[in-house]
Amino acid sequence: MAALSAAKNVVERDHPLAMNDDRPLTNSTVYAGSMVVFNSSGHIAAASTATGLIPAGIATETKTNSGSAGSVNVSIRQGVFKFENSSAGDAIAIAEIGDDCYIVDDQTVAKTNGGSTRSVAGKVIDVVSDGVFVLVGLAV
């Protein structure tokens, strides 16, 4: 899957610790429905293949920060969300429920860390025919 280039409706499952928050955005654009992370500076950025990222949740709005990092806030939500499943040997199967999964891009998760090139996205909660439900965010 490729990273998002527009807002996307994301499916959410109820979770008792799900919550909304406003956080400072790095100098970039995030799309509503995209998985977001805390980067090394503590700002929100779109999830991508990289190490050292901390899963934050999903963006609940499309927001662009064309100024300095942190000068604009974006609304995020932590909880259980359905993401695209990776492919081939990195596809997540039902046997991986309870395991960590890894960030491929802002809408895709994988079974492996890609040879230590990917950060953890969260815990696999369920695997369905059209995606993977992942528990993502600091409070969850």
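Values below: every heavy atom of this structure, side chains too, minus hydrogens, waters and symmetry copies. We number each residue from 1, following the sequence as shown.
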Just by distance, do the side chain of Thr112 and the backbone of Gly114 share a donor-acceptor pair under 3.5 Å?
-> yes
Side chains of Asp126 and Arg13: closer than 4.5 Å at any heavy-atom pair?
-> yes
For Asp130, does the CG atom have more than 12 heavy-atom neighbours from other residues, nucleotides or ligands under 6.0 Å away?
-> yes
Closest approach of Lys63 to Leu25 (non-hydrogen atoms, all atoms of both residues) | O-CD2, 3.7 Å
Compare all side-chain heavy atoms of Leu53 with those of Ser48 and state whether any distance is below 4.5 angstrom.
-> yes
Euclidean distance, Phe133 CZ relative to Lys82 NZ, rounded to 0.5 Å | 5.0 Å
Just by distance, with hydrogens left out, do Ser71 and Asn65 show a side-chain donor and acceptor under 3.5 Å apart?
-> yes
Shortest non-hydrogen contact between Ser34 and Leu4, atoms and distance = CB-CD1, 3.5 Å
When rounded to the nearest 0.5 Å, the distance separating CD of Gln78 from CG of Asn20 is 9.0 Å
Closest contact, heavy atoms only, Ser119 versus Ala50 = OG-O, 2.7 Å
Say whether, by atom type as modelled, one donor and one acceptor occur between the side chain of Asn27 and the main chain of Gly67 under 3.5 angstrom.
-> yes
Check whether any side-chain N or O of Thr62 sits under 3.5 Å from a backbone N or O of Ala32 as a donor-acceptor pair, and report yes or no.
-> yes
In short, Ala18 meets Arg77 closest at the heavy-atom pair CB-NH2, 3.5 Å
Got Ile58 and Phe83 here, is their nearest side-chain heavy-atom distance under 4.5 Å?
-> yes
Do the side chains of Phe81 and Val124 join up, straight or via other hydrophobic residues, at under 4.5 Å, putting them in one cluster?
-> yes
Using modelled atom types only, decide if a donor and an acceptor are shared between the side chain of Thr49 and the backbone of Val104 within a distance under 3.5 Å.
-> yes
Cluster link Ile125 to Tyr102, ILVMFWY, side chain under 4.5 Å = no
Are Val120 and Leu138 co-members of a hydrophobic cluster defined by side-chain heavy atoms under 4.5 Å apart?
-> no
Tell me, do Thr108 and Met35 make a side-chain contact under 4.5 Å, heavy atoms counted?
-> no
Given side chains that start at C-beta, do those of Val37 and Ile54 come closer than 4.5 Å, heavy atoms only?
-> no
Note: Asp90 and Arg118 closest approach over all heavy atoms is OD2-NH1, 2.6 Å
Beyond-backbone contact of Phe38 with Ile44, side-chain heavy atoms, under 4.5 angstrom = yes
Would Val10 and Val109 show up in the same hydrophobic cluster when neighbours are defined by side-chain heavy atoms closer than 4.5 Å?
-> yes
Examine distances only and state if a side-chain atom of Glu12 and a backbone atom of Gly79 form a donor-acceptor pair shorter than 3.5 Å.
-> no
Would you mind writing out the side-chain donor-acceptor pairs for residues 92-101 within the sub-3.5 Å range, not counting sequence neighbours?
residue : atom : partner : partner atom : Å
Glu96   : OE1  : Ala93   : N            : 2.6
Asp100  : OD1  : Lys123  : NZ           : 3.1

For Ala59 and Val30, which heavy atoms make the closest approach, and how far apart are they?
-> CB-CG2, 4.1 Å
CG of Asp21 to CD1 of Ile76: how many Å apart, nearest 0.5 Å?
-> 5.0 Å
Main-chain N/O of Ser75 paired to Glu61 side chain as donor or acceptor, under 3.5 Å | yes
